[in-house]
Amino acid sequence: MKALDRVRRLFVALAILGMTLTLASVAVAQADTPPPAASAAATPADLAQRVADLEAYVTNGAPKALITAGPGHNAWMMTSSALVLFMTLPGLALFYGGLVRRKNVLSVVAQCFGCAGLVTILWWAIGYSLVFAPGNPVLGGSKFALLAGVTSLPNADYGAWVSQNVFAMYQLMFAIITPALIVGAIAERMKYTAIMAFILGWMFLIYFPLAHMVWGVDGMLNGVWNAKASIKAIDFAGGTVVHMSSGWSALVLSLILGKREGFGQRPFLPHSLVLTAVGTGMLWVGWYGFNAGSAVASDGIAANAFTTTTLATGVACAVWPALEWITRRQPTVLGFCSGAVAGLVVITPGAGFVSPSGAVAIGVLAGVVPFFACTKLKNWLGYDDALDTFGVHGVGGTMGALLTGFFATPDVNGNLSTNLSGIVGKSLWLEQLKAMGLTIVMATAGTVVLAYAVKALFGLRPGKDEEETGLDATDHGESGYHYEEAGG
Amino acid sequence: MKALDRVRRLFVALAILGMTLTLASVAVAQADTPPPAASAAATPADLAQRVADLEAYVTNGAPKALITAGPGHNAWMMTSSALVLFMTLPGLALFYGGLVRRKNVLSVVAQCFGCAGLVTILWWAIGYSLVFAPGNPVLGGSKFALLAGVTSLPNADYGAWVSQNVFAMYQLMFAIITPALIVGAIAERMKYTAIMAFILGWMFLIYFPLAHMVWGVDGMLNGVWNAKASIKAIDFAGGTVVHMSSGWSALVLSLILGKREGFGQRPFLPHSLVLTAVGTGMLWVGWYGFNAGSAVASDGIAANAFTTTTLATGVACAVWPALEWITRRQPTVLGFCSGAVAGLVVITPGAGFVSPSGAVAIGVLAGVVPFFACTKLKNWLGYDDALDTFGVHGVGGTMGALLTGFFATPDVNGNLSTNLSGIVGKSLWLEQLKAMGLTIVMATAGTVVLAYAVKALFGLRPGKDEEETGLDATDHGESGYHYEEAGG
Amino acid sequence: MKALDRVRRLFVALAILGMTLTLASVAVAQADTPPPAASAAATPADLAQRVADLEAYVTNGAPKALITAGPGHNAWMMTSSALVLFMTLPGLALFYGGLVRRKNVLSVVAQCFGCAGLVTILWWAIGYSLVFAPGNPVLGGSKFALLAGVTSLPNADYGAWVSQNVFAMYQLMFAIITPALIVGAIAERMKYTAIMAFILGWMFLIYFPLAHMVWGVDGMLNGVWNAKASIKAIDFAGGTVVHMSSGWSALVLSLILGKREGFGQRPFLPHSLVLTAVGTGMLWVGWYGFNAGSAVASDGIAANAFTTTTLATGVACAVWPALEWITRRQPTVLGFCSGAVAGLVVITPGAGFVSPSGAVAIGVLAGVVPFFACTKLKNWLGYDDALDTFGVHGVGGTMGALLTGFFATPDVNGNLSTNLSGIVGKSLWLEQLKAMGLTIVMATAGTVVLAYAVKALFGLRPGKDEEETGLDATDHGESGYHYEEAGG
Amino acid sequence: MKLIMAIIRPHKLDDVKSALTEVGVAGMSVSEIRGFGRTGGKTEVYRGSAYQVDFVPKVRIDLVVADNQLHSVLDALEKSGKTGKIGDGKVFVLNVEEAMRIRTGERGDDAI
Amino acid sequence: MKLIMAIIRPHKLDDVKSALTEVGVAGMSVSEIRGFGRTGGKTEVYRGSAYQVDFVPKVRIDLVVADNQLHSVLDALEKSGKTGKIGDGKVFVLNVEEAMRIRTGERGDDAI
Amino acid sequence: MKLIMAIIRPHKLDDVKSALTEVGVAGMSVSEIRGFGRTGGKTEVYRGSAYQVDFVPKVRIDLVVADNQLHSVLDALEKSGKTGKIGDGKVFVLNVEEAMRIRTGERGDDAI
Ligand SMILES: Nc1ncnc2c1ncn2[C@@H]1O[C@H](COP(=O)(O)OP(=O)(O)O)[C@@H](O)[C@H]1O
Ligand SMILES: Nc1ncnc2c1ncn2[C@@H]1O[C@H](COP(=O)(O)OP(=O)(O)O)[C@@H](O)[C@H]1O
Ligand SMILES: Nc1ncnc2c1ncn2[C@@H]1O[C@H](COP(=O)(O)OP(=O)(O)O)[C@@H](O)[C@H]1O
């Protein structure tokens, strides 16, 4: 029985390894498309044109002949990619890890790392292509499978001056953190294999299609860039794709899973708010890559996104503890952290579209609404969203997507004057509502299907005893801390 | 009584929230000045001029027609802003948090977060304007209140190629960390409300004026850029504005507060030097944004500041523990951390003005002088500067401001050859002394006034029992760690 | 006796301080070479030439007249430098610190900080010059001693658009982390003074020569840039210089030291895998500076290095725990961390030379081979490489250097088509083997000599009791944690 | 007076505390300990080296009660601490000769 | 010999230790525990959920003394540990039948 | 039954545990404590302020054994815990009046 099981695991793993190596060799053999000679100046172009191309570099315009990655833009996008990775590892791992009980801290960390490993492989194999290759309004094609043709030259569909391979890595970091966010809702009570299997399916069923719809050049929700989008919605850095998708999936999954053993009877205290505060700081810092990087350039739109992100977050980080101070006289560190993260979440979809003062208003609401979602709504409805993924990301992302519809202005982002000139400031919020509805339906329906499939195949929860012992020991065979000389 | 108090708090908070929202809506309604068409090349300009403008971008010169944010410069300034935020959250929070006793770790973290929240609101409302809008030699005007007109276009007064909104956010990060530094001196014994009230006043009374005087385009201490400065002092990244102001205020405030319960009788040991070391690493990394970012460009001056910062810090980080090794045979981790931070502090005012070898000399002194300030002077004078804010920032910042007067050289920073050509290398140190004197007077006098005002209004210290219980429990209702299963 | 010893220490330290100060004053007095006027456009150059120079900036080509640091490139290199420092402080300090027992956590941190302090001084005094000044095929000259002439202008030998002082600081960060890596193998059982003395010698005997050979413009192993290199090897970001040198030295040093007291008899458990996981995340993030920064520009080669680094790391971070899952049903957090670091190590020498798909293949092998080195080989051979520096960096670096020989392709890096056009894809791996052999010989022989010299002078190991008490107390007089009220 | 030293499962602490307060216990002292017993330990593996960790986390409760409370306290401990699986723990009873309340200096049964 | 088990306030440890050494105590063992008593606990609130934390941090001192020292040690504990407010803690005295110093194998009063 | 309370050096725990299991001990409870004794403490210096840390880390083992096991257990403790240097620790023996296994409710010698 045990031997058989071991053989099965060996087989599965060898299959995966083998497939990866085979795909890699195929890709190596095919040889990546050789990049054109480094200096595009080789083609004769008259001087004025050459100067115009250089000016296009500075202003992030479209070049005629100088098709190359631009140093300033590439520098910012590489920095942004690193920052978004930093959000997950170690940022989110710490933020969530500090909130669970000591015996589960590593399980949360392992889930974050697991997302990084698994999604990297998927993204390289086919994920990037399904999202960003041209395809149909719902899903991209296979042109970029194995990252074929994804070189250091820009792909003008997404950024005229940024290496496409950097863009692909930048987007990979988004694809890593999104499923990792779900972990917060189901922390402390789901088997590791079940989580990983769920996430594998979730990427294909929900993330890849949704990201393509919203950001793919021919996606059906891509109001800014796709003139033919059936729903003319906007989402700068992932209100629907990242926060709503993960937040609503998290809610459904936590309902299907049920509550943790002893929930509501015993106090479940965060084992280290220090770690949570550290993680919050890292999330905030990393989020600049997330939001300002979503301009896919180091231009004025990035600058605006940087500004709105700071203002909304700073304000929300003051408002949440202020509400605690009013209601209970004690502003808490967890309140500061929750406020900051809520601010970051809510400004995300609008960061590059709203004005600084719009961001302040959004920040106030980001401090108020998720506060009530986490402290009142949850208790009232009685679900066990362990670390408030739904309360913060679900509720905050949903609100942010809607507010973006009201606050977006072409004053800060000229791209709103092209395909959307007729609706910005008018009916845009209706389009947002439609996109939000579609996202909620996809996320919840997809999660129901996947959760029951995984339950049938692997089972979702560990045994009662295992849950009491803690997942660190049972799923990973480790302890987070050995502060004492001889183990324990 | 309690109900009344609750009503009062509710009222205060609603007033603040309401004001914020109102201001935000006013600002949204006014609509931010629409930015000019993205490509400034629209105006006819002859080719040579256009090329000269492009060259100006590369060399951080002043453009004629191409008024736009430049990608390389904006990229660096966004990175720098994120780095300076990183210094406070989580950097400083960890550095200080590790040094206090376990029962106060969250209080320090909450104070750092509180600065982030509070100062963001002030900065947006009026702070940025009071510092950087044109005004009088002592304070800026209200032109940029609510960040009106602060768009993604550069403000040539401060950076020809950097979006003004990014510049405003960059400077916000300075305004956040400066009051947070004070927290170190008064850690473990001041009520949270009192701290926040003090900081609110301190920003208006000390930070905003001082920052305007030193960095405002028409500030009276801005020797580099303001030809009419009455004191021709220089301060690259905040020796006076940041370190002296916070350090001297910290000293005075800690004297007014008095010592912690049991200070000198029981050992007060750092509860986690591991956290302190982590915070130190983050401060060092983030400080590159602080110092090299102060060039407000990614140019040769930034490069020089980057270099001097590294050298002074590395050297001081060796010298401090070397002194410990000499005097007690044991170099300590806290010694390494203190040395590194001292190096960073002392090089700050001169980072963009001194040569690499000057930086090495400064690094040696940064290791020696604050070492004696913290280990001898403090014991000798007997004040309780809990985490040595005065010993490191006050003493270090003061020394750095003076040394800058001696070591500044136009060889590394051509801007010293304009308004200051007559005094650099000669009497500059006298101007520095004047600026230092003014800073000390402002910081100490302002702190005395504020501290007694806050004492009268709210009281400064928690009760004896509350102090013994720890501020985490009494001020915030939380514990830093719950390593044990059932709370405690 | 004790007094004498104290005098001796005082003398040594004063000598060092004095020397540093003297050197600094000499250098200050000499005055750094004044940089030419900021705008190189001063010299008359015809317009086409000026445009070509600007294009060279964008494409990282060689300018004719516009000799200046370029904002995008400088921004990326400053960011990269900060990121590489971040790898050591706090990254590596945490990664290693979490793996040791509680009583030794600070000793590891102090060793990392000690490298930062010591190496900064060496680098400024002579190290940078010995590596990057022109000299002979084995060692650089003294031209850049005291960083003379190392200004904000580029040194075209290493980067046409990057300030040489930034380049020098960037390379300093490499020189800091390399000896710090060794610390992992000998953790918990070597005296602090012995370690520092060893590292002092090691820099001169091994690091400076090796780095010059591989990266110096006239180095004998610099196949890419030195047409006269006697061994035409390639090493993008430090497979030989950093990982092999430290890894093999670590193995030899740990063999000479012998095993820790109680090794193999009692369980030595990582005192905080949480810290290790945090450190891993930081290493990963920082490594982007390490690898993509090694392009010394923000160009397409950097973009490619960024991409390959991500892919190899993500894949290895999945493969290692997958192997654990197969063999023992439990993927561990330490497995995720080890896999990620192994991926980073193995891709390092080839990051800028191999294609994305090559990186995936390398990632698979990086997950497999070091896994067996750490879990099987070590137990089988029975040496005590405390934190697996050899298993990960030695084995991984060696494998990476070889794989680079097979996978390097001019498709992603045109520089391979110059001096190496004849051998890339053919016999390059033979050149790699030669370079690897030389590195191993230098590292092991040098370490033997140094280790016995240090043993004779200072002794290598603390007493048995001191080792049982823990190095934090005996070497540094501190404790990592005081979680309890009254010390202990 | 008797000192009752009970070793229980960590997650049972809340139940046990409630049960004890119900039978009139007004004070107790709790600490986290590591237990070695029939339960056996677990194996942790770090980079391929398996370590047997023999000790499992337990909670220890020390409480001093008047002689006449002993019986009801033992009953309460048994009921509230039991899961029926190996590892539920033990209770030991020792005789206490004197007790003192520091605050007041009271002695004997009054002090507890 | 007697085993004295004292539960005191954490911040009193230094005072108590000094008082004990003054009356000739040469050794003791200290641990951090969590106490439940008249003091009551505190409420912690995490994202709006209030949790009653019943246990407060205390320090426990175990020391074994010769019978004739008992009196002076109890006195010292009372004096040095007292603040007069609820929560000062308790002292319990148990009889010790045998003592051994591991280093030498000495038994009885000589061992302590 | 006897309660044996042994204070030992932390790094001796594994040896002691093995020695005890060899003489038939089936259960014990271990905690980390801080000891004050002849060993003296150490001085820690933080930014120039020297603090005397009087307490050194020790491990405490509590185990209850049947009366007839006492002798062999004391022997085992002495042999396995000894290094011969100051600080090896102490063993104290107290009488236990009753024992109960929570899982089964068994009493007395059967419970241990
Ligand atoms: N003789 C003993 N002396 C002290 N503590 C013991 C003794 N036997 C068991 N214990 C403690 O009780 C715990 C539970 O005992 P165990 O034998 O595992 O299960 P059970 O009590 O169900 O038989 C142990 O982990 C240990 O802490
Ligand atoms: N019966 C008891 N058995 C064991 N420990 C007790 C007992 N009663 C109190 N304690 C310990 O003494 C501490 C102080 O007791 P408490 O009742 O709060 O105050 P006081 O001793 O001033 O009356 C408690 O927190 C607990 O640790
Ligand atoms: N009288 C005592 N009561 C309780 N514990 C003691 C007593 N004396 C010593 N100890 C404990 O035993 C440990 C070792 O004692 P110490 O006097 O340092 O060495 P040794 O036992 O070798 O004489 C101390 O650290 C303390 O924890």
Side-chain angles (χ1 to χ4, degrees), chain E residues 1-8 10 12-34 57-67 69-70 73 76-77 80 92-112, chain F residues 1-10 12-13 15-16 19 29-41 51-62 64-65 67 70-71 73-97:
Chain E
M1 290 163 295
K2 302 293 172 196
L3 167 66
I4 299 174
M5 166 177 150
I7 317 285
I8 61 167
K12 278 287 182 189
L13 176 57
D14 280 84
D15 291 351
V16 170
K17 189 198 64 195
S18 308
L20 289 175
T21 48
E22 258 163 46
V23 298
V25 169
M28 65 186 96
S29 298
V30 172
S31 47
E32 306 260 319
I33 59 150
R34 292 172 292 146
K58 296 278 171 196
V59 157
R60 165 178 170 165
I61 305 180
D62 291 274
L63 74 164
V64 173
V65 298
D67 293 358
Q69 281 187 289
L70 181 59
V73 165
L77 280 168
S80 60
F92 303 116
V93 180
L94 286 82
N95 189 52
V96 173
E97 304 195 332
E98 181 61 290
M100 176 178 81
R101 166 172 287 130
I102 295 176
R103 170 164 49 100
T104 56
E106 282 160 291
R107 299 284 171 117
D109 278 6
D110 292 344
I112 56 179
Chain F
M1 288 164 294
K2 303 293 172 197
L3 168 66
I4 300 173
M5 168 179 149
I7 317 284
I8 60 168
R9 291 182 190 275
K12 278 288 182 188
L13 176 57
D15 291 351
V16 170
S29 297
V30 172
S31 48
E32 307 261 319
I33 60 151
R34 292 173 291 145
F36 174 81
R38 275 168 194 74
T39 325
Y51 297 109
Q52 178 63 16
V53 177
D54 288 320
F55 297 101
V56 293
K58 295 280 170 194
V59 158
R60 165 178 172 166
I61 304 179
D62 290 275
V64 173
V65 298
D67 294 357
L70 180 60
H71 192 70
V73 165
L74 285 185
D75 269 9
L77 281 168
E78 193 187 338
K79 268 186 216 131
S80 60
K82 181 184 288 187
T83 70
K85 282 181 234 150
I86 284 186
D88 278 352
K90 320 268 183 200
V91 180
F92 303 117
V93 180
L94 285 83
N95 188 50
V96 174
E97 303 195 332

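In what follows, every chain begins at residue 1, and chains take the letters A, B, ... in the order their sequences are listed.
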Part of E/I112 within contact of chain F (heavy atom distance under 4.5 Å) | both
Once you round to the nearest 0.5 Å, how far does OG of F/S31 lie from CD of E/E32?
-> 12.5 Å
Heavy-atom closest contact (E/R103 atom, F/G87 atom, distance) = NE-N, 4.3 Å
For the candidates E/M100, E/R107, E/K17, E/E98, which exhibits the highest count of non-hydrogen atom pairs separated by less than 4.5 Å from chain F?
-> E/M100
Polar side-chain atom of F/K90 near backbone of E/I102 as donor-acceptor pair, under 3.5 Å | no
Close side-chain approach of F/M5 to E/D62, heavy-atom, < 4.5 Å = yes
Side chains of E/T104 and F/K82: closer than 4.5 Å at any heavy-atom pair?
-> no
Bottom line for F/L74: the part with an atom under 4.5 Å from chain E's heavy atoms is both
Can you tell which part of F/K58 gets under 4.5 Å to a heavy atom of chain E, answering side chain, backbone, both or neither?
-> neither
Checked F/V91, F/T83, F/D54 vs chain E; the most non-hydrogen pairs under 4.5 Å come from F/V91
Do E/L13 and F/F55 come close enough that some side-chain heavy atom pair is under 4.5 Å?
-> yes
Non-hydrogen atoms of F/F36 and E/V25 that approach each other most closely = CE2-O, 4.4 Å
Side chain from CB out, backbone as N, CA, C, O: work out which of these in F/I86 comes under 4.5 Å of a heavy atom of chain E, or both, or neither.
-> both
List in chain and number order the residues that pass side chain to side chain donor-acceptor pair (under 3.5 Å) with E/K2, two or more places apart in sequence or in another chain; answer none if no residue qualifies.
-> D/E97, E/N95
